[in-house]
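Here the structure is laid out as structure tokens; the discussion comes afterwards.
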2 protein chains.
Amino acid sequence: MVLIQINRRTNKIGFKTLPLENSLLHDSSQPGHLDIKQIRSSCATCSLRELCLPVGLNDQEIQILGDVVSHKRKVRRGGYLHQSGLKFQSLFAIRSGFLKTCVLEEDGRQQVTGFHMTGELLGLDAISTEIHTCDAIALEDSEVCEIPFTKLEEIGIIIPSLMRHFHKIMSREIVRDHSVMLLLGSMKAEERLASFLLNLSRRFFLRGYSETDFNLRMTREEIGSYLGLKLETVSRAFSKLQEENIITVDHKHVRINDINRLKIKMGNSSCIT
Amino acid sequence: MVLIQINRRTNKIGFKTLPLENSLLHDSSQPGHLDIKQIRSSCATCSLRELCLPVGLNDQEIQILGDVVSHKRKVRRGGYLHQSGLKFQSLFAIRSGFLKTCVLEEDGRQQVTGFHMTGELLGLDAISTEIHTCDAIALEDSEVCEIPFTKLEEIGIIIPSLMRHFHKIMSREIVRDHSVMLLLGSMKAEERLASFLLNLSRRFFLRGYSETDFNLRMTREEIGSYLGLKLETVSRAFSKLQEENIITVDHKHVRINDINRLKIKMGNSSCIT
DNA sequence: CGAGGCCTTGATGCACCTCAACCGACGTGG
DNA sequence: CCACGTCGGTTGAGGTGCATCAAGGCCTCG
């Protein structure tokens with residue numbers, strides 16, 4: 001087993017070999033770098049009820065779900081929520097924070113497959129083989145609710161509306177992936193960035209934040225990886241949009257000055273859903 | 001309502017306005033172009049038991065599923081199985097034939113999101129909004145089993161292993177989409193084509209066909225759309241692989257002469273799943 | 001036979017990649 | 001304290017892989 005060390009400033013990750021029994025994810029007593037903690041929580045009082053898995057459930061059903069989703073875990077910036085190749089047991093609902101998922105190729109390149117914020121569900125890809133197929137890495141200190149998948153399937157039998165909503169969430173993920181495929185397959189750099197920003201904007205808005213003024217949690221390189229571009233191209237596209245006064249960029253801070261012109265930039269293509 | 005007319009040779013589609021009651025998909029009495037027929041079928045005797053939804057079910061469970069999946073429909077080459085924007089009611093399991101799914105943009109461009117063969121499930125994207133988000137078009141005369149989704153959810157409660165397998169199928173679709181995103185985001189034209197051919201090869205093999213010798217059902221343009229390339233580039237990539245004696249191409253017919261070198265061409269990247 | 005669809009191949013241009021230099025922010029160590 | 005290294009970001013110069021445009025061949029069908 002390895003202990004993951006995170007340089008808090010640079011966000012770089014190092015490894016240290018440890019005896020096997022120091023399990024990566026389940027030993028919350030380990031001091032220091034992997035500070036994943038388990039805390040009782042309840043869906044009933046969660047502010048994300050309307051965004052997350054409990055959508056459409058009544059109070060009693062939420063209670064049942066809340067009993068299954070009994071653990072909260074914290075992941076520090078740069079830390080792994082799960083790693084590719086590890087056994088799948090639970091889905092994770094993001095309670096706070098911001099994460100990316102990415103697949104790592106043998107040659108070291110990584111492709112970001114998604115950025116994820118509060119209320120979203122992680123781990124759906126792992127249901128198929130019961131092995132995680134991607135890494136989930138926190139881009140800022142985050143909290144997630146752990147949802148043991150077998151238990152979710154069990155209570156899904158008791159609560160059909162939960163099962164139904166779960167199917168919709170999985171399906172929505174497929175639709176989202178299709179729109180990213182469309183983006184990667186047919187859009188130009190500037191269109192891709194516009195589409196990306198509009199997608200972020202909408203998701204921040206849904207969560208009660210400003211849709212025109214936000215901080216990016218990811219680097220240019222991570223954006224590029226997600227959009228199928230090199231970081232220089234992303235940077236140039238940012239500059240171009242700024243020159244045209246459509247957005248204002250200052251490092252990680254983005255303000256959308258003219259959301260309509262940004263939508264026009266995106267072209268006729270439908271946005272990432 | 002519109003009646004779809006298909007030029008059988010050119011595979012082009014025209015529209016004719018009809019009174020509303022001539023429903024597109026459910027009027028099998030309409031002569032001519034939309035010859036979708038309904039035939040009783042049963043999962044119990046289907047040769048695709050091991051590939052399709054019934055995987056892992058016992059005889060009694062298969063009987064229950066078979067009663068729900070009571071209709072077969074035929075779609076002629078060039079015909080729609082479903083269209084973007086229409087209401088979602090059923091999933092479709094492909095019994096025979098070959099289909100593509102594609103999203104159409106407002107400006108007329110279309111992006112192929114997948115090619116689908118026997119035993120595969122179509123319509124998963126529509127669960128989320130209960131509206132189809134893409135078109136499914138037959139690339140050769142095809143037969144599908146219609147699975148009313150609400151009924152599937154109902155019997156899923158009785159047959160947990162069915163529900164579980166269904167979740168795995170949805171998850172597998174997500175994994176597949178991620179690997180296409182990786183392909184579109186980071187591979188070169190030749191790598192993309194190699195990955196595509198190897199994917200087809202494996203899927204034909206799983207169905208008992210030759211893994212080195214098969215006919216493509218789609219045009220260069222459709223391949224290009226799927227792979228994020230122009231048809232000329234696809235054609236050139238075919239020629240290049242042929243020059244190097246890795247494959248032999250004759251119009252739609254492909255023979256893989258050296259599957260290992262084809263895998264090397266694909267690079268270190270993992271194949272489309 | 002002609003028309004149209006599908007495919008191939010060549011010539012040219014351009015969007016993005018690659019390489020490189022440089023900047024500012026930040027943390028570290030002498 | 002400042003010099004230095006590292007990282008993330010920006011910008012420029014030049015190269016290239018693919019798109020675009022165009023011509024022509026093969027095949028099928030009417």
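A, B, ... follow the sequence lines: proteins, then strands. Residue 1 opens every chain.
- Between the CG atom of A:N215 and the P atom of D:dG9 there is a distance of 12 Å, rounded to whole Å.
- Here C:dT8 presents its P atom at 10 Å from CG of B:L216, a figure rounded to the nearest Å.
- For the pair A:K188 and C:dC16, the criterion of a side-chain N or O lying under 4.0 Å from OP1 or OP2 is not met.
- As a whole-Å value, the separation of B:L183 CG from D:dC18 P is 12 Å.
- Atom NZ in B:K230 sits roughly 16 Å away from atom P in C:dC6 (whole-Å rounding).
- Looking at heavy-atom distances under 4.0 Å, A:L231 makes contact with a base.
- Listed by chain and number, the residues in a side chain to side chain contact (heavy atoms under 4.5 Å, CB included) with A:S84 are A:D135 (sequence neighbours excluded).
- Shown here are the side chain to side chain contact (heavy atoms under 4.5 Å, CB included) partners of B:H253, two or more places apart in sequence or in another chain: B:D213, B:N215, B:R255.
- Partners of A:F238 by ring pair (Phe, Tyr, Trp, His ring centres under 6.0 Å), not counting sequence neighbours: none found.
- Every side chain to side chain contact (heavy atoms under 4.5 Å, CB included) that A:A237 has, sequence neighbours left out, goes to A:L193.
- Not a single donor-acceptor pair under 3.5 Å links the side chain of A:R217 to the backbone N or O of A:F98.
- Following rounding to the nearest Å, B:H251 (NE2) and D:dG25 (P) show an atom-to-atom distance of 14 Å.
- Backbone-only contact: B:G228 has heavy atoms under 4.0 Å from sugar-phosphate atoms and none from a base.
- Rounding to whole angstrom units, CG of residue B:D250 and C1' of D:dG25 are separated by 14 Å.
- Against DNA chain D, the stretch residues 232-248 of chain B makes heavy-atom approaches under 4.0 Å through B:E232, B:T233, B:R236.
- Taking B:K240 as the reference, B:E190, B:E244 meet the side chain to side chain contact (heavy atoms under 4.5 Å, CB included) condition, with sequence neighbours excluded.
- One can place CE of A:M187 at 11 Å from P of C:dC16, the figure rounded to the nearest angstrom.
- Neither OP1 nor OP2 of D:dG8 sits under 4.0 Å from any side-chain N or O of A:K252.
- With respect to B:R172 and B:E120, no salt bridge is recorded, no charged nitrogen being found less than 4.0 Å from a carboxylate O.
- Between the CZ atom of A:R220 and the P atom of D:dG8 there is a distance of 12 Å, given to the nearest Å.
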